[in-house]
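Presented below is the structure to which this report refers.
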Number of protein chains: 2
Amino acid sequence: MSTAESTNGLPIGEAAPLFAALGDETRLRLLARLADRGPGSITDLCSGARVSRQSITKHLVVLEHAGLVRSRREGRERVCELAPGRLQEAHGYLDVISRQWDSALERLRFFVE
Amino acid sequence: MSTAESTNGLPIGEAAPLFAALGDETRLRLLARLADRGPGSITDLCSGARVSRQSITKHLVVLEHAGLVRSRREGRERVCELAPGRLQEAHGYLDVISRQWDSALERLRFFVE
DNA sequence: GTAATATGCACCCAGGAGGTTGCATATGAC
DNA sequence: GTCATATGCAACCTCCTGGGTGCATATTAC
């Protein structure tokens with residue numbers, strides 16, 4: 001009953017860019033920092049980073065575009081925070097694949113017996 | 001007690017390439033197919049794909065290098081199958097970040113009160 | 001032995017990603 | 001008003017990635 005094309009509300013064409021956004025060390029660091037210490041301005045997020053502020057800004061844009069982060073302007077600074085809903089979707093996507101794999105194994109076992 | 005640097009056994013420098021491997025539509029299709037219909041040869045996996053066999057081969061190499069797929073030679077063909085352990089690790093990684101986010105929210109709420 | 005099948009290998013190409021720098025602009029501090 | 005701070009924008013560079021082609025090689029089928 002499961003096609004390889006769509007999985008619980010998260011089409012393959014949408015899941016790929018989501019994982020791609022997670023597939024960069026600098027961005028994972030940003031997410032970990034946001035998750036660990038809560039919201040912060042761009043300058044906050046730059047402290048300790050090995051790359052320039054512009055680079056961080058671009059990564060934040062990628063994360064925001066992927067729905068993993070949202071930001072708002074506060075005075076002269078932009079405050080970013082984690083948007084965990086999208087993480088749950090990625091989470092669920094991996095679940096579906098694992099489950100398909102399990103049932104495929106089961107079918108295989110059935111054939112063998 | 002959680003640093004932003006490492007999360008339960010999956011260092012950030014290892015998680016990034018793992019997600020990067022998941023961040024491509026063609027590769028997600030391959031994984032979905034392997035999960036859904038079980039192991040298959042490269043030619044099997046090429047049927048229905050929009051890209052050349054060489055392209056599929058390269059994607060399989062990426063997946064195998066990321067630990068998501070393993071393959072063995074069988075006669076003149078190479079049979080690939082899903083290696084679900086790695087999926088679980090990615091799964092767990094997202095879990096950790098979500099959990100950190102939750103506790104960060106809780107700390108924040110504590111400060112406000 | 002010969003032909004067909006299934007891969008592997010080596011290049012080539014275009015486009016996008018990640019980084020940097022320099023300069024413009026908006027806001028808060030004094 | 002003036003200055004320092006926090007970003008936004010744009011141009012540029014380099015490298016990696018995804019895709020393609022042509023040809024060599026190994027196996028199985030006849």
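Order of the sequence lines sets the chain letters (A, B, ...), proteins ahead of strands, with each chain counted from 1.
- Residue E77(B) is in sugar-phosphate contact alone, with no base atom involved, counting any heavy-atom pair closer than 4.0 Å across all strands shown.
- With a 4.5 Å cut-off on side-chain heavy atoms, L31(A) and V69(A) count as touching.
- What separates CG of L45(B) from P of dA6(C) is a distance of 13 Å, to the nearest Å.
- Residue order along DNA chain C, read from the 5' end via each residue's closest nucleotide, puts R76(B) first among Q54(A) and R76(B).
- One finds no side-chain N or O of T57(A) lying less than 4.0 angstrom from the OP1 or OP2 phosphate oxygen of dA6(D).
- H91(A) has its side chain within reach of H91(B): a pair of non-hydrogen atoms, C-beta onward, lies under 4.5 Å apart.
- In this structure, R53(B) atom CZ and dA10(C) atom C1' are separated by 13 Å, rounded to whole Å.
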Show, in sequence, the C-alpha distance, side-chain angles and deciding distance for T43(B) and E77(B), and conclude whether the side-chain hydrogen bond (donor to acceptor under 3.5 Å, both in side chains) test is met. CA-CA 8 Å; T43(B) 307; E77(B) 54 189 26; 6.0 Å; no

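- Checking G75(A) against R50(A), the closest nucleotide of DNA chain C that is more toward the 5' end is the one next to R50(A).
- Using a 4.5 Å cut-off on side-chain heavy atoms (C-beta onward), Y93(B) and L18(B) make no contact.
- In this model, no side-chain donor or acceptor of K58(A) finds a partner on the base of dG8(D) within 3.5 Å.
- Per the geometry, CZ belonging to R78(B) stands 12 Å off C1' belonging to dA26(D), to the nearest Å.
- H59(A) has a side-chain polar atom (N or O) that falls below the 4.0 Å cut-off from OP1 or OP2 of dG19(C).
- To the nearest angstrom, C1' of dG8(C) lies 16 Å from CD1 of I56(B).
- Electrostatic pairing of R86(A) and E14(A) counts as a salt bridge here, judged by a charged N lying under 4.0 Å from a carboxylate O.
- At whole-Å resolution of the value, CD in E64(A) and C1' in dG8(D) are 14 Å apart.
- Note on R27(B): a side-chain N or O is less than 4.0 Å away from OP1 or OP2 of dG18(D).
- Distance I42(B) CD1 to dA26(D) C1': 14 Å, rounded to the nearest Å.
- In this structure, L60(B) places its CG atom 14 Å from C1' of dG18(D), rounding to the nearest Å.
- Between T26(B) and the phosphate of dG19(D), there is a side-chain N or O to OP1/OP2 separation shorter than 4.0 Å.
- Atom CG in L28(B) sits about 12 Å away from atom P in dG18(D), given to the nearest Å.
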